[in-house]
Visitor: 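Just passing along the structure, written as structure tokens.
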Amino acid sequence: MSLNVKVLNYFGGGWRPSGAAEYQDVINPATAEVMGTVPLTPAYEADQAIQSAVQALPAWRKTPATERVQYLFKLKNLLEEHFEELARTITMECGKTLDESRGEVRRLIENVEVACGAPILLQGYNSEDIAQGIDECMIRQPVGVCAAIAPFNFPGMVPFWFLPYAIACGNTYVVKPSEKVPFTMQGIFRLIDSVGFPAGVINLVNGAKEAVDTILDSTAIRAVSFVGSTPVAKYIYSRATANGKRAQCQGGAKNPIIIYPDADMEMATRITADSAFGCAGQRCLAGSLVITVGEARDAFVEKIGQAASSRIVGYGLEDKVQMGPVITQPSKDRIESLIGKGQTEGARILVDGRGARIAGYERGNFVRPTILDNVHPDSEIARTEIFGPVLGLMHVDTLDEAIQLVNSGRYGNMACLFTGDGAVARKFRYEAEAGNIGINIGIAAPMAFFPFSGWKESFFGDLHGQGMDAVEFFTQKKVVAERWPKEWTRKF
Ligand code: NAD
């Protein structure tokens, strides 16, 4: 990927330089190099992209699903061919390690694979003789023009929780990536362009609020998928639904992990460290609070401290680096100030990652893994999504107390438990109020054929991304009751 380039929009089957009055720098968070500039696309241009999706809709909707998925098969092959290049772009603009970026590209491709099952996923159902001589069936039809608004932390995967399903179901699409990380979608749209989708089926609009609000207010857009922070998720959900659209809006998180005394402590610590510090804690499924039960406390605290201090932090493109930077300097400042806040609220800093300096990358936004012990359940540090490599520890005596703490949070994206006891695991699975549950798992990320769930303030809507939920979201059901009296049919 060449450096210092202007990011382009893509609509009507071609690349479109934006006439935006304002461009924003895209900065590599490890090196602080300016990779290029992204247009803050104005409303009239965002609307042009939407209109090209409108024009493409009638023909695409009539294209049989078996033909629509042929384009996705081609896209899957191109994504495989360009796998490494895409992973490198993600690392350069987003900061995660190359292995983490490879994991993201793999998850993206899996969603294309699942959407290729559209011919069977789209099937409806029917009943003969709902009354004498009358049959009834349900068929699925596309919703229309749909759009995704994506966050910075998974620039490739998140739009693909939605896009392949929408397209396979016969809708046309507009993607609005995060303005902080637009290059991954530039790379993916180069592949989309070489697949040769009919013009206007998939479109790309870069930018920020003005482009988003154009999508939310456009009467042509029938459904909006959003992933990002909770305040913005609430805003998008309210505005989209007030305008009569379908909306699925995934928000922030504060994910607890319970460590039960009979857990395999070696495994629990290793996996919890990966959960908390992987992607520098910038995952919506990052474990950010650990609740130890009873005597799990001493063994866990000692081991997790070692795991945090020994993590190798640096530029994700380099070998052996286990954790990259956070996305921006303001993000680093915010995380460091929250660590300080935790201390003033009475938590003990077990491992302090503030003030990190990485040789050769002194201008990078690095925060080393941090652990705060004895976090008070009512403190700000316990309630706020930090979105950085910071793990808070709490200690209780019983499983009931631990589950109560889990359920007292405002978010419900993920909750995990480490134990060797099936009955303890079942009770937790049954009672924990979260949409994604991990048992001896630290990142309970659903595979593409399961819904990417999320409850409470982590999700606004009903149908989630991925799998059958996505098929439901991107189709509307039509129910047909039919009667063919003999005296009519005999005429032919
Ligand atoms: P963000 O909410 O700042 O931005 C997300 C998108 O919304 C971007 O495309 C941005 O341009 C747009 N946006 C931001 N402010 C807006 C406004 N006022 N009006 C209209 N559009 C606006 O989120 P982020 O910082 O990019 O991503 C991190 C957040 O995403 C975290 O809170 C994380 O937990 C969450 N996230 C959640 C999930 C999930 O599955 N629940 C997955 C990934 C990320």
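In each ligand, atom 1 is the first atom listed, and ligand 1 is the first ligand listed.
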Visitor: Of the non-hydrogen atoms in Gly465 and Ala470, which two are nearest, and what is the gap between them?
Guide: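 Closest heavy-atom pair between Gly465 and Ala470: C-CB, 4.4 Å.
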Visitor: Any idea which atoms of ligand 1 are less than 4.0 Å away from a heavy-atom of Val227?
Guide: 5 (C), 36 (N), 37 (C), 38 (C), 39 (C), 42 (C), 43 (C), 44 (C)
Visitor: Which residue owns the protein heavy atom closest to atom 8 (C) of ligand 1, what's the atom, and how far is it?
Guide: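 Atom 8 (C) of ligand 1 sits closest to the protein heavy atom Ala150 O, 3.1 Å.
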Visitor: Heavy atoms of the protein only: does one fall short of 4.0 Å from atom 4 (O) of ligand 1?
Guide: no
Visitor: Nearest protein heavy-atom contact for atom 15 (N) of ligand 1: which residue, which atom, what distance?
Guide: Val232 CG2, 3.6 Å
Visitor: Does an N or O from Thr230, backbone or side chain, lie closer than 3.5 Å to an N or O of ligand 1?
Guide: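 In this structure, Thr230 places no N or O atom under 3.5 Å from an N or O of ligand 1.
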Visitor: Which atoms from ligand 1 have a heavy atom of Lys176 less than 4.0 Å away?
Guide: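 Going through ligand 1 atom by atom, the ones under 4.0 Å from Lys176 are 8 (C), 9 (O), 10 (C), 11 (O).
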Visitor: For atom 28 (C) of ligand 1, grab the closest protein heavy atom and report residue, atom and distance to one decimal in Å.
Guide: Phe387 CE2, 3.5 Å
Visitor: With a 6.0 Å cut-off (strictly less than), is the heavy-atom count around CD of Glu80, excluding the residue itself, greater than 12?
Guide: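 Above 12, so yes.
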Visitor: Would you say Phe226 contacts ligand 1, with heavy atoms under 4.0 Å as the rule?
Guide: yes
Visitor: Which of the numbered atoms in ligand 1 are under 4.0 angstrom from any heavy atom belonging to Val212?
Guide: 20 (C), 21 (N)
Visitor: Got an N/O contact under 3.5 Å between Phe152 and ligand 1?
Guide: yes
Visitor: Quick one: does ligand 1 sit under 4.0 Å from the side chain of Asn413, the backbone, both or neither, non-hydrogen atoms only?
Guide: side chain
Visitor: Taking all non-hydrogen atoms of both residues, which atom of Leu78 and which atom of Leu191 are closest, and how far apart?
Guide: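 Heavy-atom minimum between the residues: CD1-O, 3.6 Å.
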Visitor: Hey, is CZ on Phe450 packed in by over 12 heavy atoms from elsewhere, all under 6.0 Å?
Guide: no
Visitor: Are Phe473 and Trp161 close enough that their ring centres sit under 6.0 Å apart?
Guide: no
Visitor: Would you mind listing which atoms of ligand 1 come within a distance below 4.0 Å of any non-hydrogen atom of Ile149?
Guide: 6 (C), 7 (O), 9 (O)
Visitor: For ligand 1, does Gln282 get within less than 4.0 Å through its side chain, its backbone, both, or neither, judged by non-hydrogen atoms?
Guide: neither
Visitor: Could you identify the single nearest non-hydrogen protein atom to atom 18 (N) of ligand 1 and state the distance to 0.1 Å?
Guide: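 Minimum-distance protein heavy atom for atom 18 (N) of ligand 1 reads Lys209 CD, 4.0 Å.
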Visitor: Polar-atom distance check: Gln250 versus ligand 1, any N or O pair below 3.5 Å?
Guide: yes
Visitor: Step through the shown structure and confirm whether more than 12 heavy atoms of other residues, nucleotides or ligands are within 6.0 Å of CZ on Arg363.
Guide: no
Visitor: Is ligand 1 under 4.0 Å from a heavy atom in the side chain of Phe452, in the backbone, in both, or in neither?
Guide: side chain
Visitor: Among all protein heavy atoms, pick out the one at the shortest distance from atom 2 (O) of ligand 1; state its residue, atom name and that distance to 0.1 Å.
Guide: Ser229 OG, 2.6 Å
Visitor: Would you say CZ of Arg88 has more than 12 non-hydrogen atoms from neighbouring residues, nucleotides or ligands within 6.0 angstrom?
Guide: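 Counting neighbours around CZ of Arg88, 12 or fewer heavy atoms of other residues, nucleotides or ligands fall under 6.0 Å, so no.
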Visitor: Quick test of your reading of the structure: of Gly252, Pro231, Cys284, Pro155, whose heavy atom lies closest to atom 39 (C) of ligand 1?
Guide: Cys284
Visitor: With respect to atom 27 (O) of ligand 1, which of Pro177, Gly454, Pro151 exhibits the smallest heavy-atom separation?
Guide: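 Minimum heavy-atom distance to atom 27 (O) of ligand 1 goes to Pro151.
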Visitor: Is it the side chain (CB and beyond), the backbone, both or neither of Tyr411 that lies under 4.0 Å from ligand 1, heavy atoms counted?
Guide: neither
Visitor: Under a 4.5 Å cut-off applied to non-hydrogen side-chain atoms, are Ser178 and Pro151 in contact?
Guide: no
Visitor: At what distance, to the nearest 0.5 angstrom, does CZ of Phe387 lie from OG1 of Thr384?
Guide: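 These two atoms lie 14.0 Å from each other.
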Visitor: What part of Asn153 sits under 4.0 Å from ligand 1 if we count only heavy atoms: the side chain, the backbone, both or neither?
Guide: side chain
Visitor: For atom 10 (C) of ligand 1, what's the nearest protein heavy atom and its distance?
Guide: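 For this ligand atom, the closest protein heavy atom is Glu179 OE1, 3.6 Å.
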Visitor: Is any side-chain N of the basic residue among Glu93 and Lys180 closer than 4.0 Å to the acidic one's carboxylate O?
Guide: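 No salt bridge links Glu93 with Lys180.
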Visitor: Looking only at protein heavy atoms, identify the closest one to atom 35 (C) of ligand 1 and say how far it is in Å.
Guide: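 Checked against all protein heavy atoms, atom 35 (C) of ligand 1 sits closest to Gly228 O, 3.1 Å.
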Visitor: Between Tyr361 and Tyr315, is the ring centre distance below 6.0 Å?
Guide: yes
Visitor: Starting from atom 37 (C) of ligand 1, locate the nearest protein heavy atom and write down its residue, its atom name and how far away it is, to 0.1 Å.
Guide: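 Checking every protein heavy atom, the shortest distance to atom 37 (C) of ligand 1 gives Gly251 O, 3.0 Å.
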Visitor: Report the residue from Leu372, Ile304, Asn374 that forms a side-chain contact (heavy atoms from CB on, under 4.5 Å) with Leu393.
Guide: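 When Leu372, Ile304, Asn374 are each tested with Leu393, the side-chain contact (heavy atoms from CB on, under 4.5 Å) holds only for Ile304.
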Visitor: So does Glu431 have more than 12 non-hydrogen atoms from other groups sitting under 6.0 Å from CD?
Guide: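 Counting neighbours around CD of Glu431, more than 12 heavy atoms of other residues, nucleotides or ligands fall under 6.0 Å, so yes.
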Visitor: Could you check whether Lys254 pairs with Glu385 (Lys NZ or Arg NE/NH1/NH2 to Asp/Glu carboxylate O, under 4.0 Å)?
Guide: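 Between Glu385 and Lys254 there is no salt bridge, as every charged N stays at least 4.0 Å from the carboxylate O atoms.
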